[in-house]
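Have a look at the structure below before the remarks.
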Amino acid sequence: MIKKVLKNTPKLKSGLAQMLKGGVIMDVTNAKQAKIAEQAGAVAVMALERVPSDIRAQGGVARMSDPKMIKEIMKTVSIPVMAKVRIGHFVEAQILEALGVDYIDESEVLTPADEQYHVDKSKFKVPFVCGCRNLGEALRRINEGAAMIRTKGEAGTGNVVEAVRHVRAVKDEIAALKGAGKELIAKKAKEMRVPVALVEYVSKNQKLPVVNFAAGGLATPADAAMMMQMGCDGVFVGSGIFKSSDPLKRAKAIVEAVLHFNDANVLARVSEGLGEPMKSLEISKLTDLYAKRGN
Amino acid sequence: MLIGVLDIQGSVEEHAMMLEKCGAEVIFVKTVPDLENIRGLIMPGGESTHISMMLNTGGLFDAIKKKIKSGMAIYGTCAGAILLAKKILGDDGAIKVKSFDVIDAEIERNAYGRQTDSFEVDVEIPALGKNAGGKSNATNKKVRNFSAIFIRAPKIKSVGKNVKILAKYKDEIVMAEGKFGNAQKNNILISTFHPELTNDTRAHEYFLKMAS
């Protein structure tokens, strides 16, 4: 009897995200940083040429990274490697798939390539993670095939306030669907432009059908633990680690904070003497808000 | 019966839900005192580098090893299986995974490749019997296959003669059991696939029998 082997199914795609739960995914720009991230206990790395704070500082169009650099990182570490494509840029996604990255982040941190459509993620073998500000964005991305969701936050600022806002928005909107009748579910599905079945799932299970991480502006162990206490499954830290004065120490501290997010004694210990955090930005003074990109 | 699920990282909740479905009481194990009253422990799938590192920061590693020596049952899935094996191969990255060394098996990390090489396939596991998820399959005389989910999975390259092979896919061993320490019967269970991502509780029921 020949047994059917299934590959790249939704279960396998969201399954990898389930294996990352309780972990920290770190932005890295070269093999050396990737090694430091792995040593610090990252569960995966995000390979990109410029971290969000540099993209903000330097301006210009931010695109997919050089495949050479992504390949070097893939060779260097044994943990999963993710990489970013511009919103809607399906050819960048095809290239990353050809490289064999483990996850693609269709990210608002890069300059959007399509203002109307996101990538049709269900067509790809590689799983996708996408950002959201609210439940509607989360469900639209899942409906397009995203196998993992993260908050958008406001990347590159070192300010957690937007990530907090987005986590609360998703949570509150999910709670508001509790015990919803058919009419409310149909209305919400129409408002959010997603199938009724997705809204029904959220109403019944009181959670998203995929893993949900926090991202955008996290800079300290306390930021990471706060997101975990608010119910996130794990965290992404972008500029927060390698733009700080002691990346390895800070990375380790954030990893430990995510593990013991409910233990204030541990949090106090790991927060001690971390040196300077990344240079932060006041969001009200920014002219370009990444979180507004793609909805 | 109280069963612990190692709560460092990975598919922790998924294992806890399966155990509860099987009628076990579950405690999440994050620190040494959580181990006190458990009869068995599951080490979930996740990233073995990270789990290994965290096991060695708060004294959990030594405390768990002591419990296994005294006969406690332990089940490792995927990353968890790596942590139990005598020898870990393909471990040439920056991080060395420290193994409990409680089952005579050689296991290679990420041996099938990257995420796009992950796969699902039905495997025959006669030891698990034919009941699935509490639903009676009594009319079906044949043993029902187990839907095995392999995600960036390791490969069990070889096992010692005292290790019992429970399932194979092609020529690869994907599930096995052995004995360590003062246990009266087999107390170490490993699988390279993820039963916690299915609705089939048979693997967890099997482990509970081991722990009882």
Side-chain angles (χ1 to χ4, degrees), chain A residues 1 3-9 11-24 31-32 34-44 74-82 97-104 124-127 147 211 233-234 252 255-256 258-263 266, chain B residues 6-15 28 30-31 44-58 60 77-79 90-97 109-110 112-124 145 147-153 169-170 193-194 196-198:
Chain A
M1 192 180 69
K3 282 173 196 142
K4 214 172 147 195
V5 178
L6 301 172
K7 284 191 161 189
N8 312 308
T9 59
K11 186 160 228 156
L12 290 166
K13 289 175 172 179
S14 53
L16 178 56
Q18 284 170 278
M19 298 309 144
L20 302 176
K21 284 194 299 180
V24 182
K32 198 178 149 210
K35 219 169 220 177
I36 293 174
E38 191 177 42
Q39 269 166 11
V43 292
M74 287 166 65
K75 255 190 277 166
T76 305
V77 293
S78 67
I79 53 179
V81 176
M82 303 182 167
E97 178 164 284
L99 292 180
V101 301
D102 297 294
Y103 243 92
I104 295 174
F124 285 81
K125 292 182 200 162
V126 177
V211 165
D233 292 315
K252 277 186 173 168
V255 167
E256 223 179 312
V258 166
L259 174 57
H260 296 290
F261 65 87
N262 264 330
D263 187 337
V266 173
Chain B
L6 183 67
D7 185 11
I8 288 181
Q9 188 266 315
S11 51
V12 178
E13 277 171 305
E14 290 82 350
H15 271 299
F28 293 104
K30 239 186 214 310
T31 56
E47 278 309 313
S48 52
T49 50
H50 171 257
I51 297 174
S52 173
M53 205 177 302
M54 293 297 126
L55 275 171
N56 286 291
T57 53
L60 259 181
T77 61
C78 195
D91 190 28
D92 42 10
I95 299 304
K96 286 273 166 273
V97 176
R109 294 180 62 215
N110 300 334
Y112 291 95
R114 303 196 75 95
Q115 170 61 11
T116 46
D117 304 304
S118 295
F119 62 99
E120 297 180 47
V121 69
D122 281 356
V123 293
E124 289 166 24
N145 285 339
S147 168
I149 298 174
F150 297 85
I151 297 176
R152 283 176 51 99
Y169 165 61
K170 288 185 175 167
F193 56 89
H194 293 281
E196 77 278 14
L197 298 186
T198 69

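Chain naming here is simple, since letters A, B, ... match the order of the sequence lines and numbering starts at 1 in each. Computed from a predicted structure; not experimentally measured.
- For the 3.5 Å distance criterion, the side chains of A/E256 and B/T57 fail to qualify, holding no donor opposite an acceptor.
- No more than 12 heavy-atom neighbours from other residues, nucleotides or ligands sit within 6.0 angstrom of NZ on A/K252.
- Heavy-atom distances place both the backbone and the side chain of B/D117 under 4.5 Å from chain A.
- A salt bridge is defined here as a Lys NZ or Arg NE, NH1 or NH2 lying under 4.0 Å from an Asp or Glu carboxylate O, and A/D233 with A/K21 fails to meet this definition.
- Heavy atoms closer than 4.5 Å to chain A are found nowhere in B/T77, neither backbone nor side chain.
- When heavy atoms are compared at a cutoff of 4.5 Å, B/T31 approaches chain A solely by way of its side chain, counted from C-beta outward.
- Residues B/Y169 and B/F119 place their aromatic rings such that the two centres sit under 6.0 Å apart.
- Every residue meeting the side chain to side chain contact (heavy atoms under 4.5 Å, CB included) condition with A/K32, not counting sequence neighbours, appears here in chain and number order: A/N30.
- Using a 3.5 Å distance cut-off with no hydrogens or angles, the side chains of A/E38 and A/S78 do pair a donor with an acceptor.
- Between chain B and the options A/V211, A/V43, A/I36, heavy-atom pairs under 4.5 Å are most frequent for A/V43.
- Here A/L20 is the residue among A/V258, A/V266, A/L20, A/V24 with the most heavy-atom pairs under 4.5 Å with chain B.
- In this structure, the portions of A/V81 lying under 4.5 Å from any heavy atom of chain B include both its backbone and its side chain.
- Between chain B and the options A/M74, A/K125, A/E97, heavy-atom pairs under 4.5 Å are most frequent for A/M74.
- Contact of B/R114 with chain A is made through backbone and side chain together, with heavy-atom distances under 4.5 Å.
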